[in-house]
Protein chains: 2
Amino acid sequence: MPAQREHKQPSPSGRSLEHPDRADIRLEGVLHALSDPMRLQIVRDLAAVEGELNCSVFDLPVSKSTTTHHFRVLRENGVVQQIYRGTAKMNALRRDDLEALFPGLIGSVLTAASLQATRLEAAS
Amino acid sequence: MPAQREHKQPSPSGRSLEHPDRADIRLEGVLHALSDPMRLQIVRDLAAVEGELNCSVFDLPVSKSTTTHHFRVLRENGVVQQIYRGTAKMNALRRDDLEALFPGLIGSVLTAASLQATRLEAAS
DNA sequence: CTCGTAGTTTGACATCCATCGTACTACGAG
DNA sequence: CTCGTAGTACGATGGATGTCAAACTACGAG
């Protein structure tokens with residue numbers, strides 16, 4: 001039932017996606033979003049390219065619908081921004097908003113993730 | 001079934017509590033532990049006093065058994081250290097371990113939590 | 001218009017999670 | 001030894017979460 005999209009403002013290039021305003025982003029939500037290995041990997045990849053990536057460049061070991069689910073969690077918790085561009089859906093980290101709300105947080109999470117990856121790798 | 005405590009070494013003052021080694025602490029686990037409002041509050045209080053606190057000084061709006069549950073999650077994910085001292089159970093942040101593994105992470109989470117608290121308060 | 005590609009939606013399912021109440025255990029005080 | 005206090009263990013329960021497969025939608029290419 002498509003009865004819940006109240007303010008559906010037709011976006012420039014097609015479907016619309018709901019994003020929380022900056023003021024509605026919650027720390028607990030962001031931490032929860034980042035606490036899943038799959039989603040943390042997505043965020044790391046996104047941060048690494050410093051730009052936009054479409055969904056399909058992520059080679060996640062899960063089905064397409066699960067991937068959709070994870071991107072939705074990231075979007076609903078204010079971690080990523082998604083826009084449709086033709087048939088692709090581009091994703092980008094909401095760096096400015098996150099930095100304004102939680103200064104240094106994303107940076108230390110990314111650093112921590114790198115360090116841990118190195119550490120786990122070294123432990124063969 | 002109490003068949004999983006393999007190396008149960010009797011601790012100096014009574015019951016034993018299992019803590020993960022530093023090397024076994026995982027970023028995802030820490031983020032998950034911090035993503036619950038109740039547990040984030042506990043960690044903030046713990047950080048504020050820069051020392052040990054027993055469980056009962058936390059005035060959480062949940063039952064005793066739920067409180068036990070949250071402290072266990074924090075302990076099992078390497079966020080806090082707990083030791084029995086008589087009938088009380090003292091809790092402390094594992095600052096050194098967390099700082100060594102994930103430099104700056106705890107600090108930015110605490111800062112973010114403060115900022116958000118202020119922000120939400122200001123929004124009446 | 002038709003097709004293929006990219007992603008969504010739905011429904012199902014098993015697991016995990018936060019919460020509770022009640023019964024239980026450990027320890028210190030008296 | 002007995003009692004009170006601090007916290008644990010044990011189900012139980014309702015709700016969220018991660019996962020999937022299958023059917024569906026939107027868009028560009030031809």
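Being a predicted model, the structure only gives us computed values, none of them experimental. The sequence lines fix the lettering, A, B, ..., with proteins before strands; numbering per chain opens at 1.
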In whole Å, what is the span from the [atom1] atom of [X] to the [atom2] atom of [N]?
X: Arg39(B); N: dA18(C); atom1: CZ; atom2: C1'; result: 8 Å
X: Leu17(B); N: dA26(C); atom1: CG; atom2: P; result: 14 Å
X: Leu60(A); N: dG18(D); atom1: CG; atom2: P; result: 13 Å
X: Phe71(A); N: dA6(C); atom1: CZ; atom2: P; result: 14 Å
X: Ile42(A); N: dG7(C); atom1: CD1; atom2: P; result: 12 Å
X: Ile83(B); N: dC27(C); atom1: CD1; atom2: C1'; result: 15 Å
X: Met90(A); N: dA6(C); atom1: CE; atom2: P; result: 13 Å
X: Asp36(A); N: dG18(D); atom1: CG; atom2: P; result: 5 Å

Can you tell me if [X] touches the phosphate of [N], counting only side-chain N or O atoms and a distance under 4.0 Å to OP1 or OP2?
X: His70(A); N: dT19(D); answer: yes
X: Thr66(B); N: dC20(C); answer: yes
X: Arg72(A); N: dT9(C); answer: no

Taking [Y]'s backbone N and O only, do any of them form a donor-acceptor pair with [X]'s side chain (distance below 3.5 Å, no angle check)?
X: Arg39(B); Y: Leu34(B); value: no
X: Asn91(A); Y: Leu53(A); value: yes
X: Arg26(A); Y: Ala23(A); value: yes

Compare the minimum distances between each of [options] and the side chain of [X], then state the nucleotide with the smallest one.
X: Val62(A); options: dC20(D), dG18(D), dC20(C); result: dC20(D)
X: Thr68(B); options: dG18(D), dG7(D), dA18(C); result: dG7(D)
X: Tyr84(B); options: dG7(D), dG18(D), dC20(D); result: dG7(D)
X: Ser65(A); options: dG18(D), dT22(C), dT10(C); result: dT10(C)
X: Met38(B); options: dT19(C), dA21(D), dA9(D); result: dT19(C)
X: Ser63(B); options: dT10(C), dG21(C), dG18(D); result: dG21(C)

Exercise. Could you go through the side chain to side chain donor-acceptor pair (under 3.5 Å) check for Ser65(A) and Thr68(A) one step at a time?
Key: CA-CA 5 Å; Ser65(A) 35; Thr68(A) 297; over 6 Å; no
Self-check item: Qualifying residue, where the test is side chain to side chain donor-acceptor pair (under 3.5 Å) with Arg75(A) and the options are Gln81(A), His19(A), Glu18(A), Gln82(A)
Solution: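 Result for side chain to side chain donor-acceptor pair (under 3.5 Å) with Arg75(A): Gln82(A).
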Practice problem: May I have all residue pairs that pass side-chain hydrogen bond (donor to acceptor under 3.5 Å, both in side chains) and include part of residues 28-38 of chain B, sequence neighbours excluded? | Solution: Gln116(A)-Glu28(B)
Quiz item: Between Lys64(A) and His32(A), which is nearer to the 5' end of DNA chain D once each is assigned its nearest nucleotide?
Solution: His32(A)
Quiz item: Do Ser114(A) and Thr111(A) get their side chains close enough for a donor-acceptor pair, meaning under 3.5 Å?
Solution: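 The answer is no; no qualifying pair exists.
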Quiz item: How is the base pairing of DNA chain C summarised as a dot-bracket string, given the Watson-Crick and G-U wobble criteria with both distances under 3.5 Å, [ ] for crossing and | for another strand?
Solution: ||||||||||||||||||||||||||||||
Self-check item: Verdict with reasoning, Arg94(A) to Val79(A), per side-chain contact (heavy atoms from CB on, under 4.5 Å)
Solution: CA-CA 6 Å; Arg94(A) 292 180 65 173; Val79(A) 179; over 6 Å; no
Quiz prompt | Donor-acceptor pair under 3.5 Å, Thr67(B) side chain vs dG7(D) base | solution = no
